[in-house]
Amino acid sequence: MTRLTVLGATGSIGRSVAKVLMAHPGRFQVEALAGGRDVAALAQMARTLQARFAAIADPDAGPELASALAGTGIASGAGPSAVLEAAARETDMVVSAIVGVAGLAPSVAALGAGRRMALANKECLVAAGRFFMDEAGRKGTELLPMDSEHNAIFQALSAAPASAVERMTLTASGGPFRNRSREEMRHATRQDALKHPNWSMGDKITIDSATLMNKGLELIEAHHLFAVPAQKLDAVVHPESVIHGLVSFTDGAVVAGMAMPDMCVPIAHCLAYPDRLPLPARRLDLVELGRLTFEAVDEERFPAFALARMAMEAGGSAPTVLNAANEIAVAAFLQGRLGFYGISDVVAGTLEGMNVATAPASVEEALAVDAEARRMASGLLLSVSA
Ligand code: NDP
Ligand code: MG
């Protein structure tokens, strides 16, 4: 039995993790679950999965969670310290799936000797990648990538030693605006941007997929996770989302990770690694698909991607600032307070306004840069066109 803790249990990834667990009764024991605000969903999941501990980040939600779990024997807690407590409890594997930089401190608290972390939260690698990787190494935690592109690359990497890697390529679906002109995208609404063609995900990453910021964040994620230089990383638009990531080797061979787009596939891979779980996921039928297509990323129409690539190349705290400004801008877009291109304008303006020379060397340093960038981005919201 693998003991498992899920941070971000009530989200899109968390619910898919629960689906895989329920399909394999007796194989996993859920130690702890943590969520943000949705008490009812957390309590229901804790009951269904027979968790030992449930934590909700909302500090006022403690009594409601305790009463929803009354009589079950499941312990509970509320507030950020309860989430950290859930993260640090003795377990074999932690799924890191809180959205945004809010996942950084809990993910760091979850690093520990002899355990594994399945990492879905990419923002913690963007905001504090070097520190996070060093800390995982110091603590002796094995990281398994749950993000589909990185999971594909992780699997492809088993084909040869790291010294034989020439290039890594992430694919992007292109999102809902792949064929839209700049003018059409300028007027895109929240509803338009939330219509992802291939994946059903949380709102924040869905907007990041529409701007292609998500692919830029993923380049930075890969840069740290696989210790690969920025020049060896690229992205290609592949609307079918069947190939998720490719590794090119020095002899010209290329190994690609493929599956139908379903997050349960990389989730199951991480949960059972190095075993494989049987999963009733849709099977790849190449004849039915007929063809797979590819396009270059258009950085004119998708400036957020270019900003992320530049932040990766600049290093220091540029990715920390990029991530913070993007979180502010995406939240404002979702609230109807910012236009679609306002997102990349706010991110560009924040990067210009801040000194990004030094990479954060602790959670505290990363969160201090994050807070300053949020203040600047919030100020820019007023001046950037709605
Ligand atoms: P969701 O918005 O669906 O879920 C976010 C989760 O984080 C919820 O459980 C939410 O709780 C919880 N949460 C939010 N703030 C806090 C906090 N301060 N403390 C504790 N928990 C908190 O996001 P997704 O599941 O879509 O994405 C999660 C992460 O995984 C992101 O980093 C995303 O980039 C990454 N990812 C997602 C993919 C997907 O298919 N969805 C694919 C690849 C990567 P509540 O709902 O209760 O407020
Ligand atoms: Mg991805």
Side-chain angles (χ1 to χ4, degrees), residues 5-19 32-46 54-59 61 64-65 77-87 95-107 109-110 117-127 145-154 170-173 175 194 196 198-209 212-222 225 235 238 241 243-245 257 259 261-267 270 323 326-327 330-331 334 367:
T5 287
V6 186
L7 309 175
T10 50
S12 166
I13 290 283
R15 290 193 306 271
S16 294
V17 169
K19 198 168 135 189
L33 299 175
R37 316 190 71 90
D38 191 342
V39 173
L42 183 67
Q44 198 200 338
M45 191 181 283
I56 192 94
D58 178 352
E64 194 187 338
L65 181 61
S81 61
V83 175
L84 294 177
E85 184 190 336
V95 175
S96 162
I98 292 173
V99 63
V101 83
L104 176 61
S107 300
M117 177 175 290
L119 197 58
N121 173 294
K122 61 196 79 181
E123 292 91 346
C124 69
L125 282 180
V126 175
M146 200 170 250
D147 204 351
S148 53
E149 298 77 3
H150 307 74
N151 185 268
I153 286 175
F154 178 79
L170 312 180
T171 66
S173 69
L194 284 175
H196 197 281
N198 301 350
W199 300 97
S200 159
M201 311 178 286
D203 286 357
K204 194 263 177 180
I205 184 176
T206 305
I207 301 304
D208 286 345
S209 300
L212 291 198
M213 177 61 90
N214 183 50
K215 213 46 56 181
L217 299 178
E218 289 184 353
L219 287 182
I220 302 171
E221 180 185 8
L225 210 42
H238 165 46
S241 297
I243 297 180
H244 303 290
D262 176 349
M263 281 309 296
C264 289
V265 177
I267 286 171
C270 289
N323 180 68
N326 183 57
E327 288 194 29
V330 169
L334 283 167
L367 294 182

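All ligand and atom numbering here is 1-based and tracks the order in the structure.
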**Prompt:** Roughly how far, to the nearest 0.5 Å, is the NE2 atom of H244 from the NE2 atom of H150?
**Reply:**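 Here the rounded value is 13.0 Å.
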**Message:** For a quick check: using heavy atoms under 4.0 Å, what are the residues in contact with ligand 1, sorted by chain and number?
**Reply:**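 Residue list for ligand 1: G8, A9, T10, G11, S12, I13, G35, G36, R37, D38, A57, A97, I98, V99, A102, A120, N121, K122, E123, D147, M201, G202, I205, M263.
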**Item:** 4.5 Å side-chain heavy-atom contact, L7 and V95
**Value:**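 No, side chains not in contact.
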Hey, is the main chain of [Y] close enough, under 3.5 Å, to the side chain of [X] for a donor-acceptor pair?
| X | Y | result |
| --- | --- | --- |
| N121 | G100 | yes |
| R15 | A9 | no |
| N151 | M146 | no |

**Request:** Determine the minimum heavy-atom distance between G175 and H196, stating which atoms define it.
**Result:**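 G175 and H196 have their closest heavy atoms at CA-NE2, 4.1 Å.
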**Asked** Among the N, O or S atoms that E149 has, which is closest to the Mg ion (ligand 2)?
**Response**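 Per the distance ranking, E149 contributes OE1 as its closest N/O/S atom to the Mg ion (ligand 2).
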**Prompt:** Where do E149 and K122 land on the salt bridge (Lys or Arg N to Asp or Glu O under 4.0 Å) test, with the steps shown first?
**Reply:** CA-CA 12 Å; E149 298 77 3; K122 61 196 79 181; 5.5 Å; no
**Item:** OD1 (D147) - the Mg ion (ligand 2) - OE2 (E218) angle, nearest 10°
**Value:**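 Vertex the Mg ion (ligand 2), arms to OD1 of D147 and OE2 of E218: 100°.
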